Amino acid sequence: MAQYSRVSGSVGLITLQNPPVNALSAAVRQGIVDTVKRALGDPEVKAVVIRGQNGVFCGGADIKEFGTNMSGPHLVPMIHAIEAANKPVVAAIEGIALGGGLELALGCHYRVAHSKARLGLPEVTLGLLPAAGGTQRLPRLIGVPAALDLITKGRHITAAEALQLGVVDQVTGHGTVDAAVKFALSVAGKPLDARRISTYPCPRTSDLDALFEGVMQKVRQSARGAIAPIACVQAVRAAATLPYLQGMEREKELMATLFTSGQARALQYSFFAQRAVGRWSTPSGARWDTSKPRPVHIAAVIGLGTMGRGIAVALAQAGLSVIAVETQEKQLMEAKQAVSGMLERGAKRRGVAPALDKVSYSHDIKAVADADLVIEAVFEDMALKRTVFRQLSAVCKPGTVLCTNTSGLDVEHLASQTRNPQLVVGMHFFAPAHVMKLLEVVYGPQSSPQAVATAMQLGKKMGKVSVAVGNCRGFVGNRMLKPYLEQAFFLLEEGATPELVDRALEEFGFPMGVFKMSDLSGLDVGWRVRKADGLAEPVGASGQPARIRQGQRYSPLGDLLCEQGRFGQKTGRGWYQYDKSGGQVASSDPWLHSFLEGYRAMHGLVARRIDLQEVLERCLYALINEGFRILEDGIVAGPEDIDIIYVFGYGWPRHRGGPMFYASMVGLERVLERLEHHHKAHPDVPHLQPCSLLRRLVSSGSPPVHRWREVLKKLNSQL
Ligand SMILES: CC/C=C/CC(=O)SCCNC(=O)CCNC(=O)[C@H](O)C(C)(C)COP(=O)(O)OP(=O)(O)OC[C@H]1O[C@@H](n2cnc3c(N)ncnc32)[C@H](O)[C@@H]1OP(=O)(O)O
């Protein structure tokens, strides 16, 4: 809806009304068309101001309408009518002007923004392009290079940057609507021809071809298979090379291919999934809207290795007082220097003062006595963590929430070491902890709703995308990673090379294939875990066949490389070779290939031809199958949780939505059929055996992913 009133005698004031972000729904578009017509037809009105209700200009098109039968007036003619008006129209931008919201403002003759407003054309993040003239008007207004930057990245800009670029005409720190009305009165009656952006020539840029070639190359590289950023470049190119109306035709054509694409569906799913994970719930009935978090002013971090340092930085940057504890004096001093450096660099990047005084350091665990919440981040060793939890339980004040940063150890077991197991939760950060957006908040059967709510709220405060997950080995992300890695090793045994496996995964859209990733993070990390689990042991040590462990097929390839001291980038050799220890450019290693040949010969394995499709099916479907088991076990509340974990923590290409969304796009029947096929070929690999939830979903007609929660509830109630 849009409301109309007359202010200051001769200014028509149009207010967009569609909380919370005044998205341009059919009703709002109709409202704008009607109120603009009314204002232009009113002889008393000399100028018009458009604003949004509740201090928010407009969040763009109503994303909930996409994929439905969109009715109501179209944005393009609506914005043209505003631009063609014979009375000045001023946009009063408070809060946000995003997507269609900014395109609406670009159709106005003037723009006045509040100093705290944010503007942008984020359509590319939804798999779209700004198709209400945004790709044609913005380059005409601010030039091709700046427009390309904003449109292809979907970046939000501040009002100050918008003023500098020329996107807005005035910035105010006070009443934006009053300032816009005043502005409107000052320009009433003045000629408007020079204010219609669509009539501007695109500012000249030298060597346009070279510019677009360079940008296209960069965009292709970073897009990792996403089509929208490329279409954005093509649309801006049309603005730079064609008359406006032809450019608009090109914009429309490009948008038509994007709008119905699977990638747009995936990205829009991801947008809503990110918001859905914030509405968390646990099987015991704790919920985001009924569980009250405890206030956290003072947080403590125990253990200042790489993870602890990153966590301390993230906490301090979120404005908390931090007590950082490391028992070894020398390491404490090193950590202090490192944390201060990270805070200083972060502050410089963000143009703020470093929060150095927020962090105090101690080598005594008793220093955490007053903390409201403690995050233990010592070495990934259960015995050590147990000791720390017993100490924390003794020294902390009553009510302190105790968190463990672990990538997969039993949170419930640690809780049992304390006097208040209900106050214990896991906070699984991802390295580097002050950069990576994902946080798995792990609740055990005894964790109180308040403890979960406190960790979830703290995650939000730290700018993380926090997902509440149940307690199981590896939680969600690492539990699903296990079958994925296992398939990659098995494929090498059967005839693939690290290069082939990585190529398949990188072409799919992962930033790095599994073997390059393993070289980067260090092969010794997994080796240590496998040793602790009794899996990695010298061949013949247990009398078991080399490729069987605990009754199941096992590939010792990773262990054998570690025994050779090949730990990846850090040693200059791993699945690939590097020019030096610590080198980052992977190249194919003939040693590795002949090692694989020797290994196969020793175990009587005959290499066969493996294609990219098999790599994808074996690795990804095994991972997805584990995702279904996780859903079946009630470790997460819905598929969105898994998908967000994979997109934000594991490099799953966002334009493919996440593993569970991807499975629904491929078709559950197809995933089931291919898993059955691969399990038949490898009956000794339990991870390839389709899980019963997948079978049950297929028998229920393969519902789309947004209906799985409902189907899960029904299936569970039938058990
Ligand atoms: C015809 C095709 C034309 C396309 C052109 C377009 O305009 S495409 C849309 C471009 N706009 C965007 O991409 C903006 C998307 N929204 C955001 O980035 C953020 O929501 C925000 C506007 C910056 C606000 O962020 P904040 O953190 O304050 O709140 P939430 O993200 O939690 O959002 C609050 C609720 O509002 C819903 N919502 C936000 N934007 C839209 C939208 N454009 N359409 C529909 N709904 C929107 C969001 O889903 C939240 O709803 P809940 O039900 O509370 O989860």
Side-chain angles (χ1 to χ4, degrees), residues 16-29 32 52-79 93-107 116-138 150-158 228 231-232 235 248 251-261 263-265 267-280 288-289 437 456-457 459-461 463-466 638 640 644 654 706:
L16 314 185
Q17 294 180 321
N18 185 14
V21 300
N22 299 319
L24 295 163
S25 63
V28 174
R29 298 195 303 275
I32 296 174
Q53 192 188 32
N54 298 333
V56 177
F57 182 68
C58 177
D62 188 341
I63 308 167
K64 291 190 185 103
E65 276 186 356
F66 299 170
T68 66
N69 279 335
M70 286 174 78
S71 57
H74 287 235
L75 277 179
V76 170
M78 182 190 95
I79 294 172
I93 302 172
E94 295 174 295
I96 47 164
L98 296 175
L102 180 54
E103 291 177 294
L104 167 65
L106 292 174
K116 293 212 171 117
R118 282 182 299 142
L119 300 89
L121 293 174
E123 285 86 342
V124 69
T125 63
L126 298 169
L128 305 174
L129 55 75
T135 66
Q136 303 305 299
R137 284 197 180 88
L138 194 64
L150 291 192
I151 295 173
T152 59
K153 294 185 183 142
R155 193 162 73 78
H156 295 187
I157 55 172
T158 60
C232 286
M248 285 299 286
E251 182 188 90
K252 187 174 167 186
E253 222 172 75
L254 289 162
M255 177 64 156
T257 47
L258 296 180
F259 199 67
T260 50
S261 70
Q263 293 196 3
R265 277 171 63 194
L267 286 157
Q268 287 154 29
Y269 161 83
S270 198
F271 174 84
F272 289 114
Q274 196 181 332
R275 277 134 192 99
V277 300
R279 295 189 285 271
W280 57 273
W288 66 285
D289 51 351
K437 291 283 277 180
M456 289 295 284
Q457 197 192 48
K460 195 170 176 188
K461 204 165 175 190
K464 306 287 177 202
V465 177
S466 310
E640 296 86 354
I644 288 300
R654 202 182 164 108
H706 66 266

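Treat the numbers as computed from the prediction; the structure is a model and nothing was measured. Order of listing sets the numbers, starting from 1, for every ligand and every atom in it.
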Measuring to protein heavy atoms, does anything land under 4.0 Å from [atom]?
{"atom": "atom 28 (O) of ligand 1", "result": "no"}
{"atom": "atom 7 (O) of ligand 1", "result": "yes"}
{"atom": "atom 36 (O) of ligand 1", "result": "yes"}

Shortest protein heavy-atom distance from [atom], along with the residue and atom involved:
{"atom": "atom 34 (C) of ligand 1", "result": "P20 CG, 4.0 Å"}
{"atom": "atom 38 (N) of ligand 1", "result": "V21 CG2, 4.0 Å"}
{"atom": "atom 17 (C) of ligand 1", "result": "F271 CE1, 3.8 Å"}
{"atom": "atom 48 (C) of ligand 1", "result": "R275 CD, 4.0 Å"}
{"atom": "atom 23 (C) of ligand 1", "result": "L98 CD1, 3.8 Å"}
{"atom": "atom 9 (C) of ligand 1", "result": "L126 CD1, 3.7 Å"}
{"atom": "atom 44 (N) of ligand 1", "result": "I63 N, 2.9 Å"}
{"atom": "atom 2 (C) of ligand 1", "result": "M255 CE, 3.6 Å"}

[X] (side chain) donor-acceptor with [Y] (main chain) under 3.5 angstrom:
{"X": "E251", "Y": "T135", "result": "yes"}
{"X": "E123", "Y": "L128", "result": "no"}
{"X": "K437", "Y": "G463", "result": "yes"}

- Task: Please name the pair of heavy atoms, one in R137 and one in I79, separated by the smallest distance, quoted to 0.1 Å.
- Result: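 Nearest pair, atom of R137 first, then I79: NH1-CG2, 3.5 Å.
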Check whether any side-chain heavy atom of [X] sits under 4.5 Å from a side-chain heavy atom of [Y], and report yes or no.
{"X": "D289", "Y": "R279", "answer": "no"}
{"X": "I63", "Y": "F272", "answer": "yes"}
{"X": "Y269", "Y": "E640", "answer": "yes"}
{"X": "V28", "Y": "D62", "answer": "no"}
{"X": "L24", "Y": "I32", "answer": "yes"}

- Which is closest to atom 54 (O) of ligand 1 in terms of heavy atoms, R279, R29, R118?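 It is R279 whose heavy atom sits nearest to atom 54 (O) of ligand 1.
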- Query: Nearest heavy atom to atom 12 (C) of ligand 1: which of G100, G60, G99, G59 does it belong to?
  - Reply: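 Nearest option to atom 12 (C) of ligand 1, by heavy atoms: G59.
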- Task: Using the side chain to side chain contact (heavy atoms under 4.5 Å, CB included) rule, pick out the option among L138, V124, L121 that qualifies with L150.
- Result: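 It is L138, the one option of L138, V124, L121 that forms the side chain to side chain contact (heavy atoms under 4.5 Å, CB included) with L150.
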- Message: Using heavy atoms and a 4.0 Å limit, tell me yes or no: is A131 in contact with ligand 1?
- Response: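 Per 4.0 Å heavy-atom rule, A131 does not contact ligand 1.
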- Message: Any atom of ligand 1 sitting under 4.0 Å from a heavy atom of Q274?
- Response: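 The answer is no, since Q274 has no heavy atom less than 4.0 Å from ligand 1.
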Within a distance under 4.0 Å of any heavy atom of [X], pick out the atoms of ligand 1 and give their elements.
{"X": "K64", "answer": "46 (N)"}
{"X": "D62", "answer": "44 (N), 45 (C)"}
{"X": "I96", "answer": "22 (C)"}

- Answer with side chain, backbone, both or neither: which part of A61 has a heavy atom less than 4.0 angstrom from an atom of ligand 1?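 Both backbone and side chain.
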- Message: Tell me whether R275 forms a cation-pi arrangement with F271, defined as NZ or CZ under 6.0 Å from the six-membered ring centre and within 45 degrees of its axis.
- Response: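 Yes - R275 lies over the ring of F271, closer than 6.0 Å to its centre and within 45° of its axis.
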- Taking atom CG of N18 and atom OG of S25, what is their separation to the nearest 0.5 Å?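 N18 atom CG to S25 atom OG measures 4.5 Å (nearest 0.5 Å).
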